[in-house]
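None of these values were measured; they are calculated from a predicted model. Basis for what follows: all heavy atoms, side chains included, without hydrogens, waters or symmetry-related copies.
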Amino acid sequence: MATDADIVHLIMKTYRSKKGLPSLPPAGNRKTGPKEPADTPSFFERIYELVRQIPKGRVTTYGALAEASGLKITARMAGWAMYAADRAQPPIPAHRVVNSSGVLSGKDHFSTPTLMQELLEQEGIVVKKDKIQDFKTVFWDPKSP
DNA sequence: TTGTTGACCGAGT
DNA sequence: AACTCGGCCAACA
């Protein structure tokens, strides 16, 4: 079981240096995306705040985050915020957010094709074919922590 | 202004 | 289980 520090270290590998902010695309597949969290009066920080509360070994969904935020935003907007997750400070455990089917839909945004799955497995979560097993058990609802 | 694009979702087939 | 489809809405071109 990895410590929080280990996890943060791994996630940090995907970060561009803070000073070189403009250099975004981690894997070269980023087309457009949200501006810096600070620019948008933001539900960004609100979402990130919730993501930081997800316990190790548990996951939640974009829709659950949107609903729990208390803001009028949709799951799509939560996903939009996660698009800039690598710029969140302090870092957030972005690997603990999956879609409502338990699929690792955001895995392409990590530094390697397997990093997201590896981080989850380190926390004891079983992933098969990009899908979380026993999703109901592992799911954590930010609305009722 | 309009059309297109997403780390989405739920219902339907 | 694996698809579609309509709704969603901020940012871009």
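Nearest heavy atoms, A:Phe135 versus A:Thr61: CZ-CG2, 3.7 Å. A pairwise comparison of heavy atoms in A:Arg58 and A:Thr137 identifies NE-O, 3.8 Å as the closest pair.
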Exercise. Applying side-chain contact (heavy atoms from CB on, under 4.5 Å), run through A:Lys131 and A:Val98 and close with a yes or a no.
Key: CA-CA 9 Å; A:Lys131 189 169 182 175; A:Val98 299; over 6 Å; no

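Rounded to a whole Å, the NZ atom of A:Lys129 is 8 Å from the P atom of C:dA2. For A:Asn99 and B:dG10, the CG to P distance is 10 Å, given to the nearest whole Å. When rounded to the nearest whole Å, the span between CE of A:Met82 and P of B:dT5 equals 24 Å. A straight line from CD1 of A:Ile47 to P of B:dC8 spans 13 Å, rounded to a whole angstrom.
Under the 3.5 Å distance criterion, with hydrogens and angles disregarded, no donor-acceptor pair is assigned to the side chains of A:Gln117 and A:His95.
Not one N or O on the side chain of A:Arg52 forms a donor-acceptor pair closer than 3.5 Å with the backbone of A:Ile92. With hydrogens and angles disregarded, no donor-acceptor distance shorter than 3.5 Å links the side chain of A:Tyr48 to the backbone of A:Met82.
With sequence neighbours left out, the side chain to side chain contact (heavy atoms under 4.5 Å, CB included) criterion links A:Ser101 to A:Asn99, A:Val103.
By the 4.5 Å heavy-atom criterion applied to side chains, A:Ile125 and A:Val59 are counted as neighbours.
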Could you go through nucleotides 7-9 of chain C and list every protein N or O atom that sits under 3.5 Å from one of its N or O atoms, giving the distance for each pair?
from: C:dG7; atom 1: O6; to: A:Arg76; atom 2: NH2; distance (Å): 3.3
from: C:dC8; atom 1: O2; to: A:Arg76; atom 2: NE; distance (Å): 2.6

Which atom pairs link the protein and nucleotides 11-13 of chain B when you take only N or O atoms and keep those under 3.5 Å?
none

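The shortest distance between the side-chain N/O atoms of A:Thr61 and the OP1/OP2 oxygens of B:dC8 is not below 4.0 Å.
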